[in-house]
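Heads up, the thing below is written out as structure tokens.
In each ligand, atom 1 is the first atom listed, and ligand 1 is the first ligand listed.
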Amino acid sequence: GAQPGGLYSPGDALVLLQVDTLERRVLNSSSAWLVEFYASWCGHCVHFAPTWRALAADIQEWSPAVNLGVVNCADIANQKACKKFGITGFPTLKFFKAFSKSPEDGTKIFHPGDSIQNLRQSIITNLEMHKETWPPACPPLEPASVEEIRGFFQTNNVMYLALIFEANDSFMGREVTLDMLQYENVAVRRVLSSEEELVKKYGVTAFPSGFLLINNGTFSRIPVKMAARSFYTYFLRRLPGVTRGPYAPTSAPDTPIKSTLTPRRPADRSKVYMADLESALHYALRVEVARFSVLTGERVRALKDFVTVLAKYFPGRPFVQNFLRSVDRWLRNMRESRIPYSALERVLTNRKEGQAPEVLSNNMTWVGCQGSKPHFRGYPCSLWTLFHLLTVQATRYRRLGTGPLEVLGAMRGYVWSFFGCRECAQHFEGMAAESMDKVRSVDKAVLWLWSRHNRVNARLAGTETEDPEFPKLQWPPPDLCPLCHGLVNRRHVWDEAAVLRFLKAHFSPANIILDYTE
Ligand code: FAD
């Protein structure tokens, strides 16, 4: 079924999994699964999506030995399921052996770079880890022995046996084996170059190279232009008598779920919207923090600092402010070094009589942060907005503050401990480690965040995470703040005093619009 707002569509060779299908399909399955858990708002997931899609197309015919799936953890409906599968950052790839029993049985697959070949080889290595629960549809992948080849046609009812002679570290033989699993009347085995008896018997001189044995006792070298996977696969699939077997080429469609297309909400770029800020709070506290069943050590500290600056400086509606203060009090009274999220959740959902039903709405509503497509903007945009606002508010309430690094430190801790886009967190931590502790005043803190955000904008401009309708600009652009821009020796310079004045006005309570808050 379609995943509303997701990065993938039913046209991709992937199984689109949802809360109701994830466990049902992936656990106790006779197939192995490799699942990408992603968040549609995460730039690195957007960046990775073409690779994942191409990989899925490339190994589509390895199904049903192994299936590829995706889950959008940014979809609130899937949030609990992603938590249950232990997902704390995006994108996360998890391999589930056939007949896996529980969400914990998944193994994280590291994806260095974005190479399809590495991922494909990693799938093979993981398939080989199956012991007693070998996926029934998966052909043997281990190298063939002399004895196996000698008796092959007596024990296997096929017309052809293709032998791929190759070095121990080559994956081609196994790839061709898997490429052919949906085809009948042909089997493929790899033979190691160290298997001297077979190498001699067939007169093999180059590795890799392929030989075709026929059940009438004849054999010949497979004539390919290049000794590469696709050439062998192509040759074998076109042999007379070889036909596609009973496996359906793609998996059965899941029950489609209603796609809710959110209408575009007109927004003024010179304003800040409370709906974005409250959605950020909701997503941060109820989704991102919730991914950790138990908070310990650094995360407890990061959460406390975050909630403290919210309680002090968030210019929210009165009931939201009361709520933040009560969460802050509760956290401060927690002396334990470990906090189960369930305990925090009770505090977050605690309603007092006469209070609005649920302080943080269960829906996220993006207004100033609404993208032209659901996977653009949204949460990360609102998180930036929230922290800019907090740095500015801290300049207005200096007497409440504990120093110039109070808000920046809280942001650094939050991003490092909880922000689901882990590569964003790494980048941000890099910038923080480099210069954050040189910030000497609350005004400089506002400017530090502004200039680092502009660095991120510069880095991301023109990449696929950029919403074409909201290009990444050095901000504020001249139409928003003409006085911020100047020229010295015909080179652009920022007037930092003007920028500071602008930021203080832009991120002030008077500039926050309450439209679309419930
Ligand atoms: P955003 O950049 O999210 O900006 C939101 C709003 O803030 C803008 O609409 C504008 O009103 C205002 N604004 C813009 N620039 C400034 C500024 N300099 N000062 C003050 N206000 C400003 N994505 C990646 O792909 N790679 C990364 O490494 C990465 N790192 C990130 C690190 C952090 C800490 C965060 C919060 C996000 C990160 N992101 C990263 C996401 C990315 O920065 C954007 O948030 C996302 O692409 C959405 O972009 P956007 O167009 O909505 O504008």
Only heavy atoms count here, so choose which of A280, C369, C42, P380 is nearest to atom 41 (C) of ligand 1.
-> P380
Please could you name the atoms of ligand 1 that V456 approaches to less than 4.0 Å, counting only its heavy atoms?
-> 43 (O)
Sequence neighbours left out, cut at 3.5 Å: what donor-acceptor pairs do the side chains of residues 274-281 make with other protein atoms?
{"unit_1": "D276", "atom_1": "OD1", "unit_2": "V367", "atom_2": "N", "d": "2.7"}
{"unit_1": "D276", "atom_1": "OD1", "unit_2": "C369", "atom_2": "N", "d": "3.4"}
{"unit_1": "D276", "atom_1": "OD2", "unit_2": "G368", "atom_2": "N", "d": "2.8"}
{"unit_1": "D276", "atom_1": "OD2", "unit_2": "C369", "atom_2": "N", "d": "3.2"}
{"unit_1": "E278", "atom_1": "OE1", "unit_2": "R317", "atom_2": "NH2", "d": "2.9"}
{"unit_1": "E278", "atom_1": "OE2", "unit_2": "R317", "atom_2": "NE", "d": "2.9"}
{"unit_1": "E278", "atom_1": "OE2", "unit_2": "R317", "atom_2": "NH2", "d": "3.2"}
{"unit_1": "S279", "atom_1": "OG", "unit_2": "A275", "atom_2": "O", "d": "2.7"}
{"unit_1": "S279", "atom_1": "OG", "unit_2": "T365", "atom_2": "N", "d": "2.9"}
{"unit_1": "S279", "atom_1": "OG", "unit_2": "T365", "atom_2": "O", "d": "3.1"}

Pull out every atom of ligand 1 sitting under 4.0 Å from any heavy atom of F428, numbered as shown with elements.
-> 34 (C)
Which ligand 1 atoms does H388 reach within 4.0 Å, using its non-hydrogen atoms?
-> 19 (N), 20 (C), 21 (N), 22 (C)
Of all the heavy atoms in R269, does at least one lie under 4.0 Å from an atom in ligand 1?
-> no
Which ligand 1 atoms, with their elements, are less than 4.0 angstrom from a heavy-atom of N457?
-> 2 (O), 14 (C), 15 (N)
Ring centres of W494 and W450 under 6.0 Å apart?
-> yes
Touching ligand 1 at all, N454? Heavy atoms, strictly under 4.0 Å?
-> yes
Measuring from the heavy atoms of F419, does anything fall under 4.0 Å of ligand 1?
-> yes
Can you find a non-hydrogen atom of H44 under 4.0 Å from ligand 1?
-> yes
Kindly identify the option in Y414, W384, F387 whose heavy atom sits closest to atom 33 (C) of ligand 1.
-> W384
Under 2.5 Å between SG of C82 and C73 = yes
R459: heavy atom below 4.0 Å from ligand 1, yes or no?
-> yes
Does R377 make a cation-pi contact with F470, if we ask for NZ or CZ under 6.0 Å from the ring centre and within 45° of the axis?
-> yes
Pairwise salt bridge (Lys or Arg N to Asp or Glu O under 4.0 Å) hits with a residue in residues 493-514, at least two apart = D443-K504
Considering G371, C424, A267, P471, which one's heavy-atom position lies nearest to atom 40 (C) of ligand 1?
-> C424
Test item, F507 contacting ligand 1 (heavy atom, 4.0 angstrom) = yes
S435 and W448: which non-hydrogen atoms are nearest, and at how many Å?
-> OG-NE1, 2.9 Å
Who's closest to atom 1 (P) of ligand 1 heavy-atom-wise, of H47, R377, H453, E429?
-> H453
Might you confirm whether atom CZ of R338 has over 12 heavy atoms from other residues, nucleotides or ligands at distances under 6.0 Å?
-> no
Do any nitrogen or oxygen atoms of H427 come within less than 3.5 Å of a nitrogen or oxygen of ligand 1?
-> yes
Element-labelled atoms of ligand 1 that are located less than 4.0 Å from some non-hydrogen atom of G43 | 25 (O)
Flag the pair F96 / F85 as yes when their ring centroid distance falls below 6.0 Å, and as no otherwise.
-> yes
Under 4.0 Å from one or more heavy atoms of K472, ligand 1 contributes atoms 44 (C), 46 (C), 47 (O), 48 (C), 49 (O), 50 (P), 51 (O)
Which of P103, S102, S293 passes side chain to side chain contact (heavy atoms under 4.5 Å, CB included) with K84? Answer is P103
Between the CG atom in L503 and the OG atom in S508, the distance rounded to the nearest 0.5 Å is 11.0 Å
Could you tell me which atoms of ligand 1, counted from 1 in the order shown, lie closer than 4.0 angstrom to a heavy atom of L460?
-> 23 (N), 24 (C), 25 (O), 26 (N), 40 (C), 42 (C), 43 (O)
